[in-house]
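See below for the structure under consideration.
Indexing begins at 1, ligand by ligand and atom by atom, following the structure's order.
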Amino acid sequence: MESYDFIIVGAGSAGCVLADRLSESGRYRVLILEAGGSERNFWVRMPIGYGKTFYHRKLNWRYTSEPVAGLGDRQVYCPRGRVLGGSSSINAMVYIRGQQQDYDHWEELGNPGWGWDSVLPFFRRLEDNSAGPDDYRGSGGPLRVTGIAGSEHATCSDFVAGCEAAGLARNDDFNGATQEGAGLYQITTRDGIRASAASAFLRPAMRRKNLRVITDAHVTKILFDGRRATGVTYSKGDRVVSVTASREVILSAGAVNSPQLLQLSGVGAPELSATTGVPPVHALRGVGENLQDHLGVDYIYRANRPTLNSVLRPWWGRLSVGIRYVLTKTGPLSISVNQAGGFFRTDLNRARPNMQLYYSPLSYTRAAPGVRQLMLPDREPGFLLGISNCHPKSRGTVRLRSDDPFDPPIIQPNYLSAAEDVEELIDGCMMLRRIASAKPLSEIVEDEIHPGAATITREQIEADLRERASSIFHLSGTCKMGPGDASDVVDARLRVHGLGGLRVVDASIFPELPSGNINGPAMMTGLKGAELILEDHA
Ligand SMILES: Cc1cc2nc3c(=O)[nH]c(=O)nc-3n(C[C@H](O)[C@H](O)[C@H](O)COP(=O)(O)OP(=O)(O)OC[C@H]3O[C@@H](n4cnc5c(N)ncnc54)[C@H](O)[C@@H]3O)c2cc1C
């Protein structure tokens, strides 16, 4: 049986950073196993290819939740990257770190070393910001973070000015001193090409002889000797292979698959072993609990002047921006559709922003299910205004469906099960309306298509939310970090409670969601996790 010092399961946002750092000194033999294949794919590399990878059979796990009571029993689509780079290879590239208070709160929950002052240096080390370094931004790191000023659609300025008229301050850097306000997003691209965790961290590290990457390797089980993890079994094609780790097995399979793998290996609630037939190894009730996600809704407007619909809908428009992209890596295909946005407080008595804003200068309302609509925008000009909650209170679960490792787990996000989530999202929708009716944005609005003029009262807005709200794709929290309460899965050094040689290092360790998009926080977790591991083996 082949043996390595460290085996990492999953080459996603956190796993790629981890593989890079653990292999850097050359002292350790590191194996990273990834269920998907190469990220060197046209649709992954071209930023707007996001629309294609969204339902891609090979690049995406394409999970679906169970019916969600709070959303009228709708099942919600849960895309997850299944490719080198993981979800960072299929995400919308908006780069946000979160608020200082998010991390200070993690520390208050019993996780020393995870407060803002401790995590900021890791965020800075990861980053190569196109605006250069300052007290908050990093420069010279592997991950290129690009400001989009100059490439954005002309109507973004109407949106930002509309926000200002509605009372929000202008903010040119949501990753700076304050997150609050409206402005343009920064995105993870380098020279018009997606900067995934694979292209930024794993590819350069793959030149090292002590790092081995195996793709199309689906890990099916963690191997234990008593209470110590000693290796894993994976399936590749028709082969089943076992490999051993002399130091540690590290799960970086993401918030759906890390808890699934623990449960498949007998680590989880004892009742689950009874229903699935998986022999129990260690009772740990928190595995797969505490599932959190940001929930969002879009308000869709018809515009009286050209938006990206006019470019991306007709074939000749697509051809022209396509040629521009291929020749120069510029233009609308080189950036995210979420071009502008911001953060605001739904109630000014709150201490910090609780709602994120999105502006996309295109609209899509009529595509068939299964087709990511942004590849088929509306014929008439239009745009989207969206919100999502920063600090949802609803909690869900990820549970094993059966003992078959290829059976998708049962994902129940329980969106809108907490009354506070409903109330603040209604307030957020009301703010969207205020922004849309503030000059100069109001001057380009022809009509509100969804939800439309008949949706006025709080009850009607709530009904619309339950009918249309959907995931912002920030699933996390399912292997919660904490000091050892019943719901905690890993400690502040990311070691699985009660077991040896086993850590979880990915977005599933977040005790609570950071405010905003979580690719950056997942990568920070990868880098900080690597430092903890290296310290423990020094
Ligand atoms: C469609 C979409 C849009 C998003 N937009 C944004 C955005 O604009 N900005 C932002 O910051 N965040 C965004 N996110 C969220 C963010 O990208 C993810 O939360 C983050 O990448 C998660 O990192 P991770 O390391 O926890 O897991 P992942 O990056 O998902 O990595 C997990 C890896 O493990 C592999 N794996 C899983 N199971 C196994 C197994 N059994 N064996 C071997 N390998 C396995 C997977 O294939 C995957 O490569 C988006 C996510 C999605 C899906």
Heavy-atom distances under 4.0 Å are what count here, so tell me which part of [X] touches ligand 1: side chain, backbone, both or neither.
X: Asn257; value: side chain
X: Val83; value: backbone
X: Ser336; value: neither
X: Tyr50; value: side chain
X: His474; value: side chain
X: Trp61; value: side chain
X: Ile472; value: neither
X: Ala255; value: neither

Numbering the atoms of ligand 1 from 1, which are under 4.0 Å from a heavy atom of [X]?
X: Arg82; result: 47 (O)
X: Ala522; result: 23 (O)
X: Ser88; result: 21 (O)
X: Leu33; result: 43 (C), 44 (N)
X: His218; result: 41 (N), 42 (N)
X: Ile518; result: 10 (C), 11 (O), 12 (N), 19 (O)

If we ignore hydrogens and angles and just use 3.5 Å, is the side chain of [X] paired with the main-chain N or O of [Y] as donor and acceptor?
X: Arg395; Y: Pro392; value: yes
X: Ser87; Y: Gly81; value: yes
X: Gln260; Y: Asp407; value: yes

Check your understanding: With a 4.5 Å limit on heavy-atom distance, are the side chains of Gln412 and Val68 in contact?
Key -> yes
N/O of [X] under 3.5 Å from N/O of ligand 1, yes or no?
X: Ala507; result: yes
X: Met93; result: yes
X: Ala92; result: yes
X: Val219; result: yes
X: Gly81; result: yes
X: Ala14; result: yes
X: Leu475; result: no

**Study point:** Side-chain ion pair, Glu24 and Arg21, N-O less than 4.0 Å
**Key:** yes
From the list Trp114, Phe123, Phe122, ring-ring contact (aromatic ring centres under 6.0 Å, His included) with Tyr103 holds only for Phe123
For Arg352, the salt bridge (charged side-chain N to carboxylate O under 4.0 Å, His left out) test, sequence neighbours excluded, returns Asp102
Contacts of Phe42 meeting ring pair (Phe, Tyr, Trp, His ring centres under 6.0 Å) (sequence neighbours excluded), chain-then-number -> none
Looking only at protein heavy atoms, which one is nearest to [atom], and what is the separation?
atom: atom 9 (N) of ligand 1; result: Val94 O, 2.8 Å
atom: atom 27 (O) of ligand 1; result: Gly254 CA, 3.6 Å
atom: atom 53 (C) of ligand 1; result: Pro79 O, 3.2 Å
atom: atom 44 (N) of ligand 1; result: Ala35 N, 3.1 Å
atom: atom 12 (N) of ligand 1; result: Asn519 N, 3.4 Å
atom: atom 21 (O) of ligand 1; result: Ser13 OG, 2.6 Å
atom: atom 49 (O) of ligand 1; result: Glu34 OE1, 2.6 Å
atom: atom 15 (C) of ligand 1; result: Phe473 O, 3.5 Å

Practice task
Would you check, one step at a time, whether the test salt bridge (charged side-chain N to carboxylate O under 4.0 Å, His left out) holds for Asp128 with Arg190?
Solution key: CA-CA 10 Å; Asp128 182 28; Arg190 184 181 285 279; 3.6 Å; yes
To atom 18 (C) of ligand 1, the nearest of Gly36, Gly86, Ser87, Cys16 on a heavy-atom basis is Ser87
Among Asn91, Leu18, Asn517, Thr53, the residue with a heavy atom nearest to atom 14 (N) of ligand 1 is Asn91
Which of Thr146, Asp173, Val94 passes side chain to side chain contact (heavy atoms under 4.5 Å, CB included) with Gln186? Answer is Asp173
Please confirm whether [X] and [Y] have ring centers closer than 6.0 angstrom.
X: Phe510; Y: Trp106; value: yes
X: Tyr299; Y: Phe383; value: no
X: Tyr4; Y: Tyr28; value: no
X: Tyr185; Y: Tyr95; value: no

Report task. Establish, from distance only, whether the side-chain atoms of Lys221 and Ser265 form a donor-acceptor pair under 3.5 Å. Result -> no
Hydrogens and angles aside, do Asn517 and Gln356 bring a side-chain donor and acceptor to less than 3.5 Å of each other?
yes
Within 45° of the axis and under 6.0 Å from the centre of the six-membered ring of Tyr325, does NZ or CZ of Lys329 qualify? yes
Paired with Glu39, the salt bridge (Lys or Arg N to Asp or Glu O under 4.0 Å) test is passed by just one of Arg203, Arg82, Arg45, namely Arg203
Margin query: So is Ala217 touching ligand 1 or not, going by heavy atoms under 4.0 Å?
Written below: yes
